[in-house]
**Student:** 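The following block contains the structure, expressed as C-alpha cells.
Quick note: residue numbers are just sequence positions, from 1. Reckoned from all heavy atoms, side chains included, excluding hydrogens, waters and symmetry mates.
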Amino acid sequence: MRTGLTGLGMGLLAAVGVALTSCEASHDGEPAAPETQTTRTFLSPTEHLVRVSTALRGKRPSVGELRRVREQTSALPAIVDEYLQSPEFGETLRDLHNESLQVRVAAGIYPAGFPARDALAGYSAQEVNVAITEAPLRLIQWVVEHDRPYSEIVTARYTVADRIVASTWGITLERAGDGWYRGQYADGRPHAGILSDSMLFTRHSTTYANSNRGRANAVARSLLCYDFLAREISVDATINLADPKEVANAVRVNPACASCHQTLDPLASYFGAFHPIFVPADIQTYPFRHYLPALSAPFTVSEPAYFGHKGAGLEFLGSMIAADPRFSLCAAQRFYAYLNHVNLRDVPRARAAELQDIFVKSDLSAKTLARTIVLSDDFRYADSDDATETPLTGLRKVRPPALSRLIEDLTGFRWTANLDLDIGSGNIGRIDLLSDSLFGFEVLLGGIDSVNVTLPAHTMNASASLVLRGIASRAAPHVVASDFAASGAERRLLTVSETERAEASIRAQLCDLHLRLFGEFVEPADPRIDDAYALFDEALAAAGGDARRAWTTTLFALLQDVRLAHF
C-alpha cells in the first residue's frame, strides 16, 4: 500500500486544496475539476482463502480447499463455516480476547507465578500458570464454540475450568477428566460469566485507596470499549493528591473529579468482595480463597449502580452489560480490529454499526460476526491508490501463536524448550517459544505480554525476522528428515524421492511447495520457480550431491519468506 504524508497532513492538504479550488473557480468562472475516484484492489479468491484460513485458524488452507475455491468461488463460505467449527478457531478466540482482557501472563511474571505445590504438585509451573491465566478466555471460547449467545460471557451461571484451575480456586466440575468443563465455584460467589472469574481480578487487582476502580475500568474498557482514563477532563490543580482524605472528598464534590467518579465508583462497588492485591507465588495451600464478602464494606465507596441504574450483585451487572448497546458494538469493533489488523480506534464507525446490527439479529452469534467480517470486502482488501482512504492494510502479519500452529501444521515441528529452571514456584517445564512472552519470543514477534506490552505490532522488524529465521532453520531439517523417512500420505511437504534429480520433477515439487506454503498456483516455468530451482541446484552442488542438505537449504529459504509470515 502506498504511504506518504500522515493522515493529518493529507487531511490538511485536502482542506487547503478545496479552498484553492474554490478561489480559482470564482476567479476565472470555470468549475472545479472533478475529484479523482479512489480505486481499490482486492485479493483473488484463493488469496482470500489463504487470508481467511490464516486469520481464523493460524493455518494455511489445504491444497484441496485451494483447488475447490479456484474452480468455484462460491465454495468459500462453506469452507469458512468449517473453519469456524475447528479447534484452532477456539485458540484464535482466546488470543483475540486476551488482547482486551490482558490476562495471559507468563509463569514467571507477577501477577502470575502460582506455585506448583500442594494440590498442584506434580505439574510444571508452566502448566499451572497457563491454565490459570487462560481460564476467563476458556469460558469465552466455550460460549462461542457451543453456539451460545455471546452475552453469556457475562451472564453464564457457570464457570469453565480444568483440574488445575478447579484445584486453585475451589471449583466443582460437572465431570472428571483432563479437559475443560463447566463447573461451579464452591465459595458461594454469584456466577456471571467472566465477571465472576478469579484470574480476571487477580490480573486487575486493587488496593484500599483504589477501591476496585481499576477493576471497574478494566471491565468497561474490555467489554464496552469505554475507557474512563481516556476521557478528557480538566484536573483541578489545587487538590493535594498526597492527602487521601482530600482526594476522597474531591471525588464526591469536586466537579472535575465527580464527572468520572459518579459512574466509576458505583461500578467499582460490584467487585469489592474479590481479594485485593496479593502475590500468587506466596500461596502455600490450595484452594486459595479469592472471594471474601467481608471485604466489600472496606473496599467500597459507593452504592452499586451501572451508569445510573441501581442494582446489587454480579448477576445484575452482567445483565446490564449484556443489554447495553455498547457491549455488542464493542464486540463488533474488537472482532473487526483483530481480524483486520487495525487499531481499535481506527475501526470505521459506520462499519462497526453495520456489524453490530448483523450481530444482534443473529442472537449475538460470535461465529456469524466473524464469518461476516472475513467474507467482507474490507477483509479481502489488497491495496488502494489513496493512502488516506482507509485504515486497512493490504498485508497482514501472522501473530506469534498462529505462526507456531502454522509451522507445525506445515512441517510437524513445534519450537519448544524444556526449561529445568526453578523460579521459586516450581520448574518452568516445557514452553512454546513462539507463545511465551518471558522466556520465549512472543513479544519479539510482535505479540503482547499482557503487562508491559499490551498492544500488538502488525509490522515486520529486525527481531521478528530473526525469530522467523530461527524457527525456519529448525523446521526445515525436521520436515526433510521426517518426509524422507515416511511414505505416501504421511509426508507433509516433500513428495519426491531422495534420489530424484530430474529437473522437471524438482520443478514440479517446487510448484507443490509454493501452493502448500503460499497458496500460489504457479507453473514450472514461472520466474519464481526459476529462482527456487537455482537455489536448490546450487545447494545440491555445494553439498556434494546430498539431496537432504539441498532440500533443507531450499526449505530454510522458503519458510522464512515474507509470504509465509504475512497473508
Side-chain angles (χ1 to χ4, degrees), residues 46 50 54 59-64 66-67 398 403-418 432-434 441 445 460 462-567:
T46 53
V50 170
T54 309
K59 294 170 61 174
R60 288 296 197 243
S62 69
V63 171
L66 286 163
R67 286 176 175 154
V398 180
L403 181 63
S404 182
R405 296 195 297 275
L406 188 150
I407 294 293
E408 183 178 25
D409 180 57
L410 292 174
T411 68
F413 176 78
R414 197 171 188 96
W415 200 4
T416 65
N418 191 19
D432 183 322
L433 288 167
L434 298 190
F441 310 121
L445 263 175
M460 207 68 176
S463 62
S465 297
L466 287 173
V467 175
L468 184 62
R469 177 178 294 184
I471 192 170
S473 70
R474 292 160 174 81
H478 174 87
V479 71
V480 169
S482 61
D483 276 1
F484 282 146
S487 60
E490 295 179 354
R491 290 195 172 195
R492 292 178 178 271
L493 293 179
L494 298 177
T495 57
V496 295
S497 69
E498 190 173 350
T499 58
E500 183 62 68
R501 296 293 185 274
E503 181 175 344
S505 298
I506 301 301
R507 283 181 174 270
Q509 173 67 87
L510 292 170
C511 289
D512 290 343
L513 289 174
H514 275 68
L515 181 58
R516 185 70 182 99
L517 299 179
F518 312 132
E520 296 177 351
F521 288 90
V522 293
E523 298 297 327
D526 190 284
R528 288 166 289 185
I529 299 302
D530 290 340
D531 292 340
Y533 180 77
L535 173 62
F536 173 82
D537 194 45
E538 292 177 18
L540 186 66
D546 187 337
R548 291 196 176 213
R549 290 188 61 184
W551 280 117
T552 297
T553 300
T554 303
L555 282 170
F556 172 50
L558 293 174
L559 289 172
Q560 59 180 305
D561 192 292
V562 67
R563 289 170 292 177
L564 194 75
H566 293 78
F567 58 96

**Student:** Listed by chain and number, what are the salt bridge (charged side-chain N to carboxylate O under 4.0 Å, His left out) partners of E498, not counting sequence neighbours?
**Tutor:** R548
**Student:** Rounded to the nearest 0.5 Å, how far apart are CZ of F536 and OG1 of T552?
**Tutor:** 10.5 Å
**Student:** With rounding to the nearest 0.5 angstrom, report the CZ to CG distance, R528 to L558.
**Tutor:** 12.0 Å
**Student:** Is there a donor-acceptor contact under 3.5 Å from the side chain of Q509 to the main chain of L493?
**Tutor:** yes
**Student:** Taking it one step at a time, do T553 and L535 satisfy side chain to side chain contact (heavy atoms under 4.5 Å, CB included)?
**Tutor:** CA-CA 8 Å; T553 300; L535 173 62; 4.3 Å; yes
**Student:** If only atom types and distance count, is the side chain of R501 paired as donor or acceptor with the main-chain N or O of G545 below 3.5 Å?
**Tutor:** yes
**Student:** Could you pull out the closest heavy-atom pair between C511 and V522, with the gap in Å?
**Tutor:** SG-O, 3.4 Å
**Student:** Salt bridge check: are R60 and D409 linked by an N-O gap of less than 4.0 Å?
**Tutor:** no
**Student:** If you measure from NZ on K59 to CZ on R405, what distance do you get to the nearest 0.5 Å?
**Tutor:** 9.0 Å
**Student:** Any salt bridge (Lys or Arg N to Asp or Glu O under 4.0 Å) pairs touching residues 475-495, not counting sequence neighbours?
**Tutor:** none
**Student:** State the CZ-CG distance between R507 and D530, to the nearest 0.5 angstrom.
**Tutor:** 4.5 Å
**Student:** State, to 0.1 Å, how close A539 and A550 come at their nearest heavy-atom pair, and which atoms those are.
**Tutor:** CB-CA, 3.9 Å
**Student:** Considering residues at least two apart in sequence or located in another chain, which fulfil the salt bridge (charged side-chain N to carboxylate O under 4.0 Å, His left out) criterion with D546?
**Tutor:** none
**Student:** How many angstroms lie between atom OG of S473 and atom CG of L555, to the nearest 0.5 angstrom?
**Tutor:** 12.5 Å
**Student:** Once you measure the plane-to-plane angle for H514 and F518, does it fall in the parallel (<30°), tilted (30-60°) or perpendicular (>60°) bin?
**Tutor:** perpendicular
**Student:** Where do L406 and T54 come nearest, in terms of heavy atoms and distance?
**Tutor:** CD1-CG2, 4.2 Å
**Student:** What heavy-atom pair brings L468 and A565 nearest, and what distance separates the two atoms?
**Tutor:** CD2-CB, 3.8 Å
**Student:** Could you go through the side chain to side chain contact (heavy atoms under 4.5 Å, CB included) check for L564 and V398 one step at a time?
**Tutor:** CA-CA 8 Å; L564 194 75; V398 180; over 6 Å; no
**Student:** Identify the heavy atoms of W551 and L513 that sit nearest to each other, and give their distance.
**Tutor:** CZ3-CD1, 4.0 Å
**Student:** Testing the basics here: between T411 and A475, what is the closest heavy-atom pair and its distance to 0.1 Å?
**Tutor:** OG1-CB, 3.8 Å
**Student:** Would you confirm whether H478, through its side chain, and R474, through its main-chain N or O, come within 3.5 Å as a donor-acceptor pair?
**Tutor:** no
**Student:** Are any non-hydrogen side-chain atoms of R414 and D432 less than 4.5 angstrom apart?
**Tutor:** yes
**Student:** If you apply the rule side chain to side chain contact (heavy atoms under 4.5 Å, CB included), what do you find for E408 with W415, and how did you get there?
**Tutor:** CA-CA 8 Å; E408 183 178 25; W415 200 4; over 6 Å; no
**Student:** When rounded to the nearest 0.5 angstrom, what distance separates CD1 in I471 from CG in L466?
**Tutor:** 13.5 Å
**Student:** Starting from the C-alpha separation in whole Å, work towards a yes-or-no answer on side chain to side chain contact (heavy atoms under 4.5 Å, CB included) for V63 and R516.
**Tutor:** CA-CA 6 Å; V63 171; R516 185 70 182 99; 4.1 Å; yes
**Student:** Is the count of non-hydrogen atoms from other residues, nucleotides or ligands lying under 6.0 Å from R549 atom CZ greater than 12?
**Tutor:** no
